[in-house]
Amino acid sequence: MALRVYNTMTRNKEPFETLEPGVVKMYVCGPTVYAKAHVGHAMSVLVFDMVRRYLEYRGYEVRHVMNYTDVDDKIIRRANESGEDPIALAERYIREFDRHLVDLGVLPPKVKPRVTQEIGWIIKMVKGLEDKGYAYAVDGDVYFRVTKDDDYGKLSGRKLEEMMAGARVEVDERKEHPMDFALWKAARPGEPSWDSPWGKGRPGWHIECSAMNLHHLGEQLDIHGGGADLIFPHHENEIAQSESYTGKSYVRYWMHNGMLQMGGEKMSKSLGNLVTIEDFLAEHEADVLRMMVLSSHYRSPLKFTAETIAQAEKALERLRGGMRPAHASAAGLPEAMAAALAEQAAAAKEGFVAAMDDDFNAAAALGRLFDLVRAINQARDGGATAAQLQPAQETLRELAGVLGLDLTKQPPQKQGSAEAAPFIDLLIEIRTDLRAAKQWALADKIRDRLTEMGVLLEDTPGGTLWRWK
RNA sequence: GGCGACGUAGCCAAGUGGGAAGGCAGGGGCCUGCAAAGCCCUGAUUCGCGGGUUCGAAUCCCGCCGUCGCCUCCA
């Protein structure tokens, strides 16, 4: 079975073939850094981290590039409101996002270019487009001439006439066509600007990605990713710019993740239902969010509610349960049963790969992991020794790792828990004595009170275990 | 208004022509002093609704209803 990837351009799953054998050139649109990032941004990052990890598992070298848009209208507006320098404001949010990437357990992109560091390439491209007749300058602005691009609209499936009909944009009289978009904007007072053949100015939004790709990955990419909301106009315009400039096909596979939905509603500032990554991580582990993302297909909208969060938490716990050690009193599994476990592990791995090969169907792949967890738990309850459990658990750990989940990681301890630990141990020791003396009422009182305080007790043949919850 | 995606059990969700995965929640049982964890059993005669194609459809076609995204900055 070979890897197949859904391509937004063709609306079909296609066999995955790279431009260069064994190498995947992957560009993912990163955030515009004008405010704190929310869980929707995290979803996109986690989706493409999953894609990257699986490609690497399949043996590819992934040249992963993610940009930061650190100059644009919103950043400038924000900065003017607070009196902060726009570039400094952007820098602050870039650092914060970089920290989120680490906290979310995301493999760092190989390159994280920023607009302000790519001005040379941007100017070079805009100039090239102007020279070829794909762009024209007006009063220091430069616009892309959409009518010159025969297949403009091919990604989003729109035709210029249709866009015109539904367009709600105020028409700029200086533009030749209402859909022409800015490649370069003339500087206005108080804005960051750079020298260019058209005077001082700054880049338009779309050109940055085209230029960064040309610079860091070359004229053609294997995968270009981003949120589904970027299909139009952003990615449509990138195609127009890049293909007009190079004369070559820009991207082989366009991948778009679905949008995260807050309780059935769109997450937006006007609705005031924004959850920042910071907010989420203050309450939950990063892998809980990852589990949510993995639980549904990356192209589907993701429901983000208190209930779906709780379900993801439980699912993660169940997966981790598979990694629990053999029972202390394990007598060993008969040969045939041990062999059966090995077979179940192999079957799980095969099913996992088949699911992931089918356009990164992580939800189905997770299903195979849960199957394996059950098989391991059965073997453990059946008396398997640590050595007998080990190969299957290693498979589980490895495959979960491909999805970016670290099953050996313990849930983070609460504040002050280290100081409390000796006292909890003491209480448990006393409870163990009480249980030995059959003083059930007192023993249960200790357990109940600890539960109220968030300490869960579990009596196992090997002794009493506890954990925070 | 235009373009696109989607609608599967209480919740989340996989499944694109021929057996309705999996997780959470629920019910029964085993284990346990009682729990917890784990294990076993259990749930959609049915896939938004109505037609159609087919020997056969959740899966294909048409219509309707509903949700979401985009058309303006957006992961």
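On a predicted model such as this, the values are computed, not experimentally measured, just so you know.
When the C1' atom of B:rA37 is taken as reference, atom CZ of A:Arg374 falls 15 Å away, rounded to whole Å. Separating the CE atom of A:Met356 from the P atom of B:rG22 is a distance of 20 Å, rounded to the nearest angstrom. Following rounding to the nearest Å, A:Ile446 (CD1) and B:rC34 (P) show an atom-to-atom distance of 19 Å. To the nearest angstrom, C1' of B:rC31 lies 14 Å from CG of A:Asn377. With rounding to whole Å, A:Leu319 atom CG is found 21 Å from B:rC12 atom P. Rounded to whole Å, the distance from CG on A:Asp72 to P on B:rU72 is 17 Å. If you measure from atom CD of A:Gln344 to atom C1' of B:rA21, you get 16 Å, rounded to the nearest angstrom. The separation between A:Leu341 atom CG and B:rC39 atom P is 13 Å, rounded to whole Å.
Comparing B:rA58 with B:rU16, their P atoms sit 13 Å apart, to the nearest whole Å. The same atom, P, is picked in B:rC6 and in B:rG10; the two are 23 Å apart, to the nearest Å. A distance of about 16 Å separates the P atoms of B:rU67 and B:rC12, rounded to the whole Å. Taking the P atom of each, B:rC24 and B:rA36 are spaced 15 Å apart, rounded to whole Å.
Residue A:Ser295 has no polar side-chain atom (N or O) positioned under 4.0 Å from OP1 or OP2 of B:rA14. Neither OP1 nor OP2 of B:rA5 sits under 4.0 Å from any side-chain N or O of A:Arg11. The phosphate of B:rC11 has neither OP1 nor OP2 within less than 4.0 Å of any side-chain N or O from A:Lys303. Dashed line: the shortest gap from a side-chain N or O of A:Thr460 to OP1 or OP2 of B:rA37 is not under 4.0 Å. At B:rC39, one or more side-chain N or O atoms of A:Arg318 fall inside 4.0 Å of OP1 or OP2 (strictly under the cut-off). Look at A:Arg368 and you won't find any side-chain N or O under 4.0 angstrom from OP1 or OP2 of B:rA14. Checking the phosphate oxygens (OP1, OP2) of B:rG33, no side-chain nitrogen or oxygen of A:Gln439 falls inside 4.0 Å.
For A:Arg158 and B:rG4, a side-chain-to-base donor-acceptor distance below 3.5 Å is absent, hydrogens and geometry of angles not being considered. Checked by distance alone, A:Arg380 brings no side-chain donor or acceptor within 3.5 Å of a matching partner on the base of B:rC39. Not a single donor-acceptor contact under 3.5 angstrom links the side-chain atoms of A:Asp459 to the base of B:rC31. In the interface, the side chain of A:Gln311 is paired with the base of B:rC11 through a donor and an acceptor atom under 3.5 Å apart. In terms of polar N and O atoms assigned as donor or acceptor, the side chain of A:Asp444 comes within less than 3.5 Å of the base of B:rG33 in a complementary pairing.
Among the protein residues, A:Thr451 comes within range of no part of the nucleic acid, since none of its heavy atoms lies under 4.0 Å from any strand. Counting non-hydrogen atoms under 4.0 angstrom, A:His297 reaches the backbone sugars and phosphates but no base. Backbone-only engagement by A:Asn361 is indicated by non-hydrogen atom pairs under 4.0 Å involving sugar-phosphate atoms exclusively. Among the atoms of the strands shown, only primed sugar atoms or phosphate atoms (P, OP1, OP2) are found under 4.0 Å from some heavy atom of A:Lys314. Residue-level contact check: A:Leu457 touches the bases, meaning some heavy atom is under 4.0 Å from a base atom. Within the nucleic acid shown, A:Gly321 has no heavy atom closer than 4.0 Å to any nucleic acid atom.
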### Message
Is there a side-chain contact (heavy atoms from CB on, under 4.5 Å) between A:Leu405 and A:Arg320? Walk through the geometry before answering.
### Response
CA-CA 10 Å; A:Leu405 296 168; A:Arg320 283 185 176 138; over 6 Å; no
### Query
Could you go step by step and tell me if A:Tyr250 and A:Asn213 meet the side chain to side chain donor-acceptor pair (under 3.5 Å) rule?
CA-CA 10 Å; A:Tyr250 180 40; A:Asn213 274 316; 2.9 Å; yes
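Nearest to the side-chain atoms of A:Arg435 among the listed nucleotides B:rA37, B:rC34, B:rC70 stands B:rC34. Residue A:His41 places its side chain closer to B:rA75 than to any other of B:rA75, B:rA13, B:rG38. Minimum atom distance to the side chain of A:Arg447 is reached by B:rA35, of the listed B:rA14, B:rA35, B:rG69. When the nucleotides B:rA14, B:rA37, B:rC39 are ranked by their closest atom to the side chain of A:Glu458, B:rA37 comes out on top. Of the candidate nucleotides B:rC34, B:rA13, B:rA75, B:rA13 has the atom nearest to the side chain of A:Ala363. Out of B:rA14, B:rA75, B:rG33, the shortest distance to the side chain of A:Ser296 is found at B:rA14. When distances run from any side-chain atom of A:Gln261 to the nucleotides B:rC12, B:rA75, B:rC68, the shortest one goes to B:rC68.
Nucleotides of RNA chain B nearest to A:Ser156 and A:Gly258 differ in position, and the one nearer the 5' end is that of A:Ser156. RNA chain B is contacted by both A:Gln378 and A:Leu302; A:Leu302 maps to the nucleotide lying nearer its 5′ end (nearest heavy atom per residue).
Taking a pair to require two hydrogen-bonding distances under 3.5 Å in either a Watson-Crick or a G-U wobble arrangement, B:rC39 pairs with B:rG29. As the counterpart of B:rC47, no nucleotide is assigned, since no Watson-Crick or G-U wobble pattern has both distances under 3.5 Å. The base-pairing partner of B:rA58, taking Watson-Crick or G-U wobble contacts with both distances under 3.5 Å, does not exist among the strands shown. Of all nucleotides present, only B:rC65 satisfies the Watson-Crick or G-U wobble test against B:rG7, with each distance under 3.5 Å. The pairing partner recorded for B:rG1 is B:rC71, the criterion being a Watson-Crick or G-U wobble arrangement whose two distances lie under 3.5 angstrom.
For the pair A:Arg318 and A:Phe370, the NZ or CZ position fails the cation-pi test of under 6.0 Å to the six-membered ring centre and within 45 degrees of the ring normal.
Between A:His100 and A:His41, the ring center distance fails the sub-6.0 Å criterion.
Using modelled atom types and a 3.5 Å distance limit, the side chains of A:Asp279 and A:His38 yield no donor-acceptor pair. Of the N and O atoms on the side chains of A:Glu118 and A:His216, at least one donor lies less than 3.5 Å from an acceptor on the other residue.
Heavy-atom neighbours of A:Lys110 NZ from other residues, nucleotides or ligands within 6.0 Å: above the threshold of 12.
Under the stacking definition used here (centres under 5.5 Å, planes under 30°), the residue A:Phe370 fails to qualify as stacked on the base of B:rG23.
Between A:Lys13 and A:Asp358 there is a salt bridge, since a side-chain N of the basic residue sits under 4.0 Å from a carboxylate O of the acidic one.
Taking the side chain as every heavy atom from C-beta outward, A:Arg447 and A:Asp459 approach each other to under 4.5 Å.
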